[in-house]
Amino acid sequence: MRKKIVAGNWKMNMDYNEGLALFSEILNMIKDEVTGQQQAVVCSPFIHLHSLAQLAKGYDKVAIGAQNAHQNESGAFTGETSAKMIKSTGAAYVILGHSERRQYFGENNELLAKKTDTVLANGLKPIFCIGETLEEREAEKHFDVIKTQLAEGLYHLSAEQFGQVVIAYEPVWAIGTGKTATSDQAQEIHAFIRAELTAKYGLEVADDTTILYGGSANPKNAPELFAQPDIDGGLIGGASLKSRDFLDIVKVFN
Ligand code: 13P
């Protein structure tokens, strides 16, 4: 059975103290309210990682993640953060290839393939984001875009390495717009992703892969989205900044 995951992406929000306060609320609620087997992951800015990982000790339903990592192991890359550094904080996951990184920081599939290697080599799990823009969907290129992002970003991995990867489908037109993909639209792409993974890595690996949906997910629409057979949870932006909303999404799997 593949893992159900609800991951919060705080993006560039929350100063140090605000982040700790939010996370403490989340932990208290998880302790009292989460009864299922799902995993909650909080992907914070780098400055919070170590403190959150310390607070999360003993909570097996919560893991911590970063939102980016550099492709090199170490060196003269002023302002960057390595996968080894992230691992040393106690974090377990790293979001890679978020559309905001692709759009504003010029990250392409080739670079993301390298980042994936470095993240895996350091014992971290990538949450690898893929998804089409509005233009691409309107031109009916969304399947091609997804296929290329998967192939160029991930298909150099062995099946064993791929087993560590979580996929997040985030249609760019649904991010921060309040415009969610319908559950049918999301399920269609998730099923396509799983079929592609089956062709590349075989049925067992594809069946075990957690595929998250992201893009204006909230406590109201999450139950219908997560009821789809190929949607294994969510990558949550705005709603992850409110402890009540985030927990209500995590609890869809209770
Ligand atoms: P929103 O949930 O704010 O639309 O953001 C989605 C997202 O980008 C998560 O990575």
Side-chain angles (χ1 to χ4, degrees), residues 4-14 18-19 22-23 26 38-46 48-49 52 63-69 86 91-105 107 112 115-116 119 124-134 136-137 142 145-146 149-150 153 165-183 185-186 189-190 193 210-226 228 231-253:
K4 305 291 186 191
I5 296 175
V6 176
N9 175 9
W10 288 2
K11 307 193 179 182
M12 196 174 74
N13 293 295
M14 298 285 143
E18 289 166 348
L22 171 61
F23 190 67
I26 290 172
Q38 69 273 32
Q39 170 109 76
V41 180
V42 171
C43 299
S44 73
F46 293 127
H48 302 100
L49 291 176
L52 301 195
I64 309 302
Q67 300 171 16
N68 181 31
I86 293 168
Y93 290 85
V94 182
I95 296 174
L96 288 179
H98 192 281
S99 62
E100 288 149 16
R101 303 274 337 155
R102 293 177 187 260
Q103 185 182 348
Y104 304 131
F105 301 94
E107 297 196 359
L112 293 168
K115 290 192 173 203
T116 303
V119 160
L124 294 160
K125 294 177 199 290
I127 300 176
F128 195 90
C129 301
I130 56 178
E132 80 285 357
T133 62
L134 184 59
E136 289 162 342
R137 179 161 279 261
H142 41 298
V145 169
I146 299 289
Q149 288 173 333
L150 285 172
V165 176
V166 173
I167 304 281
Y169 168 59
E170 298 208 311
V172 180
W173 47 271
I175 296 177
T177 58
K179 196 173 162 188
T180 324
T182 65
S183 53
Q185 279 174 324
I189 298 280
H190 282 233
I193 293 169
T210 299
I211 309 177
L212 309 179
Y213 167 79
S216 299
N218 60 42
K220 279 214 177 79
N221 58 32
E224 193 184 328
L225 285 161
F226 297 178
Q228 302 303 313
I231 301 183
D232 307 310
L235 182 54
I236 318 298
S240 75
L241 298 172
K242 293 185 192 127
S243 53
R244 183 71 271 156
D245 285 359
F246 183 61
L247 250 290
D248 284 348
I249 300 172
V250 174
K251 281 167 63 184
V252 170
F253 289 114

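First listed ligand is number 1; within each ligand, the first listed atom is number 1. This one's a predicted model, so the numbers in the text were calculated from it and none came from an experiment.
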Worksheet, complete the sentence: Lining ligand 1 at under 4.0 Å, by non-hydrogen atom distance, are residues Asn9, Lys11, His98, Glu170, Ala174, Ile175, Gly176, Gly215, Ser216, Leu235, Gly237, Gly238
Discussion item. Under a plain distance cut-off of 3.5 Å, with no hydrogens placed, do Glu170 and His98 share a side-chain donor-acceptor pair?
Written reply: yes
Discussion item. Could you work out, with salt bridge (Lys or Arg N to Asp or Glu O under 4.0 Å) as the rule, every residue matching Arg101, not counting sequence neighbours?
Written reply: Glu107
Discussion item. Would you compute the distance between atom CD1 of Ile175 and atom OG1 of Thr133 and round it to the nearest 0.5 angstrom?
Written reply: 11.0 Å
Item to complete: Sequence neighbours left out, what passes ring-ring contact (aromatic ring centres under 6.0 Å, His included) with Trp10? Give chain and number order.
Response: His48
Fill in: Separation between CZ of Arg102 and CD of Gln149, rounded to the nearest 0.5 Å
4.0 Å
Worksheet item: What residues, two or more places apart in sequence or in another chain, satisfy side-chain contact (heavy atoms from CB on, under 4.5 Å) together with Ser243?
Response: Leu22, Glu25, Ile26, Met29
